[in-house]
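Any value given below was found using the heavy atoms of this structure, including those in side chains, with hydrogens, waters and symmetry copies removed. Numbers restart at 1 for each chain; the letters A, B, ... are given by sequence-line order, proteins then strands.
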Amino acid sequence: MKNYDHKKIEKKWQKEWSNKKVYKTLDAGKGKKMYVLDMFPYPSGVGLHVGHPRGYIGSDVYARMKRMEGYNVLHPMGYDAFGLPAEQYALQHKIHPRKAVEENVKTFERQLSIIGLSYDWSRKVNTTDPKYYKWTQWIFLEIYNSWYDNLEDKARKINELISIFEKSGNEKINAVCSNDTKIFSAKEWKDFSVREKQDILMKYRLAFEGYSEVNWCPQMGTVLANDEIVTDAKGNSVSERGGYPVEKKSMRQWFMRITAYADRLLSGLEDLDWSDHIKEIQKNWIGKSQGSEIEFKIKNHDLNIKVFTTRADTLFGATYVVLAPEHPLIIKEQLLITNREEVKKYVEKVKKETDEDRTNNDKEKTGVELKGIKAINPANGEEVPVWIADYVLATYGTGAIMAVPMHDERDRDFAKKFGLPIIDKPLVDAKEITDKVGGKIVTKYKMRDAIFARQRYWGEPIPLKHDKEGIITDLKLKDLPLELPTVKSYEATGTGESPLAGVKSWVKEGYETNTMPGWAGSSWYFLRYMDPTNGKFFASKKATDYWNEIDVYVGGQEHATGHLLYSRFWNNFLYDMGYIKTKEPFKKLKNQGMILATDGRKMSKRWNNVINPDDIVSNYGADTLRVYEMFMGPFEQSLPWSTESIIGSRRFIDKVDRLKDKVKKVKSNEALEKVLHKTIKKVTEDIEDFALNTAISSMMILVNEMEKATDIGEKDFKMFLQILAPFAPHITEEIWQELGEKKSIHKSSWPKWDKEKIVDETVTIGVQVNGKVRAEILIDKEMPEEKVKELALNDQKVIFWLENKSVKRIIYVKGRIVNIVV
RNA sequence: GCCCGAGUGGCGGAAUUGGUAUACGCGCACGACUUAAAAUCGUGUCUCGUAAGGGAUGUGGGUUCGACCCCCACCUCGGGCACCA
């Protein structure tokens, strides 16, 4: 590497910017605001590869331009350091997780600092800081102490629900609640014990306690969320991290009633400036479907089976009914099932299966008939058999279906295997038949309530206490944060309980031993950046009113069904409570593509193909790394790294550096001026659209033009430095100040292009004969159509091609093309 | 299986969204500078053809004066969901 000394220059300016607080965000209320955010990372400890900074560089380019455009830019960085990755790292290295986090943050910051990112580090947040998680706990309590009112379509305080119960019971209430809720009157409510009241309220709370079959990982000693599980090569479920086997286990859990927000999470997507791709993923995940709930009476019993179907129009073709093996009806004793033993055996067998086995649709259908009972098709009064089968899921719809083998492939497979009738009946109107048989139209979602508990040490303690009678009390704000106690061993107990269950003082106080999952702290951190040191509230009203929402959010698309959904849920909730004034937190979302290794695979230690940004910065400089990563290709596209190609970006910067010798206090020639102003326009618009690769290529064209010129006007060159500054902040600052500027280039105002200077009076256009380009003509842009056509027809080459042919038609598209049809 | 997205030189990719396909960069070849190399600069570089000219945007068809762009069918790759009734 020749030419300028990037090491010297970059270090010098990074220090200077930090000393002079060039990137300091002003307080709320000062000027027009712009909130540009990166998804904050897990400081995992393995260090960065060149793919990690790509998103950070993109958002940095954007933030830098906005700052120069005069916005008060909030562009912070922080750490999401609770959760499995940090804990696993700590376990492997036999150190306390807190220590591990500190170390990893240090590594991370060193690696980031040399890239020249314009964060305001004074706003740094860390989810594991008690001053931070105080508010995570507080938000949890707010959610816990709320219920969802379907009529007002918003969350409300639990106290308001209690008042309703005291006045009228829950007879008429329309709320989102667990579906086994019983109806009671005001009088009954009054007579319930404290415990009974607690149990009822728990069915309404937006954060609630319950039991569930969970994905249990014995090796890790923890429960995993569905998105933390992957399928290995043999088709078994294993943990994403570590690849340990995962099985089913029933366990006490805390949940978040995210399903209450399903419809809002869906409709809220509409106005967001996100890629259709991510919207699609969230839509599928929420999985809304309209259908009917219809009751099938059980013959000779006072019981019925409620089924959910989206095809009520096929009701006449329903030839049997299937229950999920977990369906509560099956264990009812009054049900005169004659083959109970067989049924029990099947249910046991299904229990042992993992989700993976059960939901594999290549699997052959299995099931058992409930002998001795029949259901009655309400459409025609016909008796139909009742089966249980594992292809029906207890957790979706009503846990029971009507089977229409004629119209449903799964039902047909099942019917064929067990010799059940497949009949073709005419279709009817879905709504009419639903009404007629006394069913109702309902909406169902695939999305489930989210488990909000981990049997782990390294997470936010859940700020609740259980007394000996099982009465739960919530901590008050003044008692927060409830800090994690120090423990002798933070390793998994292996019994399924959190290490906190082994801390005597903790258990004696009755504190909850579960901790919060990794996504708790990351579901609201963007609000904390607005006012990161506030001790009285998660952020002041002034701050949240001013910063309001994230204008541009940059991060990986792997968070589509996790973080991006949970954050929207919490933000919507906080909006309902009146704490913030916007429902949706992320107005515009950009998902940077991955950088793959040169071999086209993911970068990983395992493949030994990792490229470390430290080496690139050391060999080529941060400016080169930045320019190259933005130039490689479209920002949202995944691309392989090329060790060969990066030299082009370095050459570009070297050229810029050399050009300064040509800079004189003169006016540039007109042609150069024209290219410059076109480039300013292009770069400004491209950065706005995150078309960062073409922004750079247009600047390369400008530089090539500048090389041809004998001298370059100083004013013009400075404008060029300014538009390059977001991409290559160090070298541009160096030359800027060499040219006599005293203030940082990054505090200068973004140049404006001169409209006058970018119009071309003359333009070369192609002349086609029958759609093939045969000639080029130089025309005046405003030349009348007739004259252009005349010019085209008189061109020598055109004359050659028109020989012996008669012109049928001539098409002229202004300033673009002439097409002569013969 | 269903739902998205994408297929353009040796390589990464451009193309004002229907108007001169292959910008910009890498690589490669030749040349200049140099004792030499590196660096730098210049010229060339889709393909067949000596040329005139022909053919090319995954494949085949269609619409249009004109198609990388719109429509139909198919192939390949990437992603999401996956027995959700």
J.: Between rU35(B) and rU20(B), how many Å separate the two P atoms, rounded to a whole number?
T.: 49 Å

J.: Between R54(A) and E636(A), does at least one N-O distance fall below 4.0 Å, as a salt bridge requires?
T.: no

J.: Which whole number of Å gives the distance between the C1' atom of rA36(B) and that of rG44(B)?
T.: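 Pairwise C1' distance, rA36(B) against rG44(B), rounds to 26 Å.
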
J.: Inspect the surroundings of NZ in K787(A) and state if more than 12 heavy atoms from other residues, nucleotides or ligands are less than 6.0 Å away.
T.: no

J.: With a 4.0 Å heavy-atom cut-off, tell me which residues in residues 630-639 of chain A come close to RNA chain B, sorted by residue number.
T.: F631(A), M632(A), P634(A), Q637(A), L639(A)

J.: Rounding to the closest angstrom, what is the interatomic distance between rG13(B) and rG9(B) at atom P?
T.: 11 Å

J.: Mind calculating the distance between NZ (K365(A)) and C1' (rC83(B)) to the nearest angstrom?
T.: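 It works out to 5 Å between those atoms.
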
J.: Please state how far atom CD in E293(A) lies from atom P in rA85(B), giving the value in whole angstrom units.
T.: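 Atom-to-atom, E293(A) to rA85(B), this comes out as 13 Å.
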
J.: Rounded to whole Å, how long is the line connecting atom CD of E705(A) with atom C1' of rA23(B)?
T.: 13 Å

J.: Starting from P on rC65(B), measure out to NZ on K814(A) and report it in whole angstrom.
T.: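 Rounded to the whole Å, the gap is 24 Å.
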
J.: Just label rG42(B) as syn or anti from its O4'-C1'-N9-C4 or O4'-C1'-N1-C2 angle, using within 90° of 0 for syn.
T.: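 Classified anti.
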
J.: Just name whichever nucleotide pairs with rU63(B), Watson-Crick or G-U, keeping both distances under 3.5 Å, else none.
T.: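 Its partner is none (no Watson-Crick or G-U wobble pair with both distances under 3.5 Å).
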
J.: Between C1' on rC83(B) and CZ on F308(A), what's the gap in Å once rounded to a whole number?
T.: 15 Å

J.: Do you know the tightest heavy-atom contact between K814(A) and K781(A)?
T.: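 Heavy-atom minimum between the residues: CE-O, 3.7 Å.
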
J.: Within this structure, what is the CD-to-P distance between E707(A) and rG25(B), rounded to whole angstrom?
T.: 10 Å

J.: Roughly how many Å apart are rA21(B) and rU16(B), using the C1' atom of each and rounding to a whole number?
T.: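 14 Å, rounded to whole Å.
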
J.: Is any side-chain N or O of R651(A) under 3.5 Å from a base N or O of rU40(B), one able to act as donor and the other as acceptor?
T.: no

J.: Under the 3.5 Å rule, do the base of rC65(B) and the side chain of K808(A) count as making a donor-acceptor pair?
T.: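 Side chain to base: no pair present.
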
J.: Can a donor-acceptor pair under 3.5 Å be found between the side-chain atoms of N819(A) and the base atoms of rC65(B)?
T.: yes

J.: K655(A) NZ to rG25(B) C1': how many Å, rounded?
T.: 9 Å

J.: Under a 3.5 Å distance rule, please check whether T319(A) uses its side chain to pair with a backbone N or O of P421(A) as donor and acceptor.
T.: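 Yes, T319(A) side chain to P421(A) backbone: donor-acceptor pair under 3.5 Å.
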
J.: Mark yes or no for whether D449(A), through its side chain, and F255(A), through its backbone, hold a donor-acceptor pair below 3.5 Å.
T.: no

J.: For the residue pair K365(A) and F414(A), would you count it as a cation-pi contact if the rule is NZ or CZ under 6.0 angstrom from the ring centre and within 45 degrees of the ring axis?
T.: no

J.: If we ignore hydrogens and angles and just use 3.5 Å, is the side chain of D689(A) paired with the main-chain N or O of A691(A) as donor and acceptor?
T.: no

J.: rG79(B) P sits how many Å from N284(A) CG, rounded?
T.: 16 Å

J.: Please classify the nucleic acid contact of V392(A) as base, sugar-phosphate, or nothing, using heavy-atom distances under 4.0 Å.
T.: base

J.: Going by purine N1 to pyrimidine N3 plus the second Watson-Crick contact, or the G-U wobble pair, all under 3.5 Å, which nucleotide sits opposite rC81(B)?
T.: rG1(B)

